[in-house]
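Scroll down for the structure; my scribbles are underneath it.
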Amino acid sequence: MTTIYLIRHGQASFGAESYDQLSPNGALQAKLLGHYFDSILKEAPLVVAGSMQRHQQTAQLCLNECFPESEIITRPGWNEFNHTQVFANYEPRFDQPELLKEDVAQHANPRAYLSKIFEGAIERWTGGDYHHEYEESWPHFKDRVETALQHLCDDLAEKKPRYAVVFTSGGVISVAVGKLLGLSPNKTFALNWAIANTSITTLRLVGNEPQLLSLNEHHFIKAQRPELLTWI
């Protein structure tokens with residue numbers, strides 16, 4: 001029976017010209033995850049990652065600490081949605097990520113303020129009236145993620161590795177969990193906001209069907225380096 005670990009990437013570069021790079025903090029998170037995997041995995045896993053730089057960087061830094069010889073299988077189906085466009089279509093000035101970062105930094109409660117913006121932007125994206133305004137609509141994103149998950153499960157059912165590790169993003173993990181639990185879009189993305197960087201969501205494969213075992217495990221960060229814990 002295969003255990004699947006879905007990993008949210010390490011902290012990326014919020015508000016920078018390119019978000020798609022790990023921050024120094026994100027690199028440390030990935031290494032800490034690697035140390036944790038070295039202690040709990042009894043053999044090398046099958047490794048899959050999205051094609052975004054933050055996925056690839058997290059995977060490589062993590063594996064360097066535990067299974068450095070492992071091959072990373074790249075699958076773009078595990079890529080995140082275009083959050084910059086989702087924010088910009090909700091508030092055009094947020095087409096410039098640095099302006100969003102400035103607004104958040106100036107607010108008395110930055111996390112609550114960003115949460116409000118995120119909720120509004122996601123509601124617009126998933127609501128049904130504006131699908132044509134996005135490069136990738138919500139239905140297309142949802143279908144892409146669910147297809148990537150099923151293809152992975154079919155592949156694992158055939159190869160039967162003991163472990164599989166997938167390096168991806170919070171929105172992707174939320175959609176996968178939402179599919180398994182039958183959640184609405186709003187409840188799906190409520191999960192997204194809670195998923196910590198380099199946290200672990202665990203699935204068990206029964207036949208070729210995934211079952212949810214755990215969500216958003218990040219105790220290994222809290223126990224070792226609590227100052228590294230981030231959600232953005």
Side-chain angles (χ1 to χ4, degrees), residues 1-14 18-80 145 148-149 151-177 195-205 210 212-232:
M1 186 177 296
T2 301
T3 301
I4 305 170
Y5 299 98
L6 303 180
I7 308 300
R8 186 188 176 196
H9 60 79
Q11 184 187 49
S13 300
F14 176 67
S18 174
Y19 174 80
D20 196 21
Q21 294 280 342
L22 291 190
S23 69
N25 196 79
L28 291 174
Q29 291 167 340
K31 292 177 181 179
L32 193 61
L33 175 66
H35 286 297
Y36 181 62
F37 274 152
D38 191 45
S39 70
I40 67 168
L41 301 186
K42 307 306 179 185
E43 60 187 61
L46 182 146
V47 181
V48 176
S51 63
M52 292 176 157
Q53 292 186 68
R54 57 191 186 270
H55 302 154
Q56 295 286 321
Q57 291 168 352
T58 303
Q60 194 60 66
L61 288 167
C62 172
L63 293 171
N64 285 347
E65 305 298 323
C66 51
F67 299 103
E69 302 303 319
S70 292
E71 175 191 3
I72 300 172
I73 302 168
T74 301
R75 295 285 183 265
W78 292 96
N79 287 356
E80 184 65 292
V145 172
L149 177 61
H151 284 174
L152 174 69
C153 291
D154 291 342
D155 190 38
L156 295 176
E158 180 179 339
K159 294 179 178 177
K160 294 181 170 56
R162 186 171 182 180
Y163 310 112
V165 180
V166 181
F167 294 90
T168 181
S169 290
V172 175
I173 295 170
S174 298
V175 168
V177 172
I195 295 176
N197 293 111
T198 62
S199 65
I200 304 170
T201 293
T202 309
L203 311 179
R204 175 177 60 187
L205 196 63
L212 181 66
L213 291 183
S214 69
L215 174 67
N216 192 31
E217 295 180 64
H218 50 272
H219 57 278
F220 66 95
I221 304 177
K222 280 187 175 180
Q224 299 293 324
R225 296 287 301 277
E227 75 279 7
L228 294 181
L229 194 58
T230 58
W231 287 266
I232 299 174

For E217, all residues meeting side chain to side chain contact (heavy atoms under 4.5 Å, CB included), sequence neighbours excluded: I200, T202, S214, H219
CG-CG distance between N25 and L229, expressed to the nearest 0.5 angstrom: 9.5 Å
Under 3.5 Å donor-acceptor, T2 side chain and L205 backbone: no
Set of ring pair (Phe, Tyr, Trp, His ring centres under 6.0 Å) partners for F220, sequence neighbours left out: Y36
Straight-line distance of T198 OG1 to L228 CG, nearest 0.5 Å: 8.5 Å
Close side-chain approach of L212 and T201, heavy atoms under 4.5 Å: yes
Which residues share a side chain to side chain contact (heavy atoms under 4.5 Å, CB included) with K160, sequence neighbours left out: none
Nearest heavy-atom neighbours spanning Q56 and A49: NE2-CB, 3.8 Å
For S70, all residues meeting side-chain hydrogen bond (donor to acceptor under 3.5 Å, both in side chains), sequence neighbours excluded: none
Any residue meeting salt bridge (Lys or Arg N to Asp or Glu O under 4.0 Å) with K42, in chain and number order, not counting sequence neighbours: none
Non-neighbouring partners of D38 that pass salt bridge (Lys or Arg N to Asp or Glu O under 4.0 Å), sequence neighbours left out: none
Side chain to side chain contact (heavy atoms under 4.5 Å, CB included) involving L149 - partner list, sequence neighbours excluded: W78, C153, A176, L203, P210
Partners passing side-chain hydrogen bond (donor to acceptor under 3.5 Å, both in side chains) against Q224 (at least two apart in sequence or in another chain): none
Atom pair CG (N197) and CH2 (W231), whose distance is rounded to the nearest 0.5 Å: 9.0 Å
N64: partners by side chain to side chain contact (heavy atoms under 4.5 Å, CB included), with sequence neighbours left out: Q60
side-chain hydrogen bond (donor to acceptor under 3.5 Å, both in side chains) partners of S51, counting only residues at least two apart: N79
H9, E80, Q21 screened by side-chain hydrogen bond (donor to acceptor under 3.5 Å, both in side chains) with R54, the one that passes: H9
Residues that Y5 engages under ring pair (Phe, Tyr, Trp, His ring centres under 6.0 Å), provided they are two or more places apart: F37
Side-chain donor/acceptor of R75 to backbone N/O of A148, under 3.5 Å: no
Interatomic distance, L33 atom CG to L28 atom CG [nearest 0.5 angstrom]: 12.5 Å
All side-chain hydrogen bond (donor to acceptor under 3.5 Å, both in side chains) counterparts of R225, not counting sequence neighbours: E227
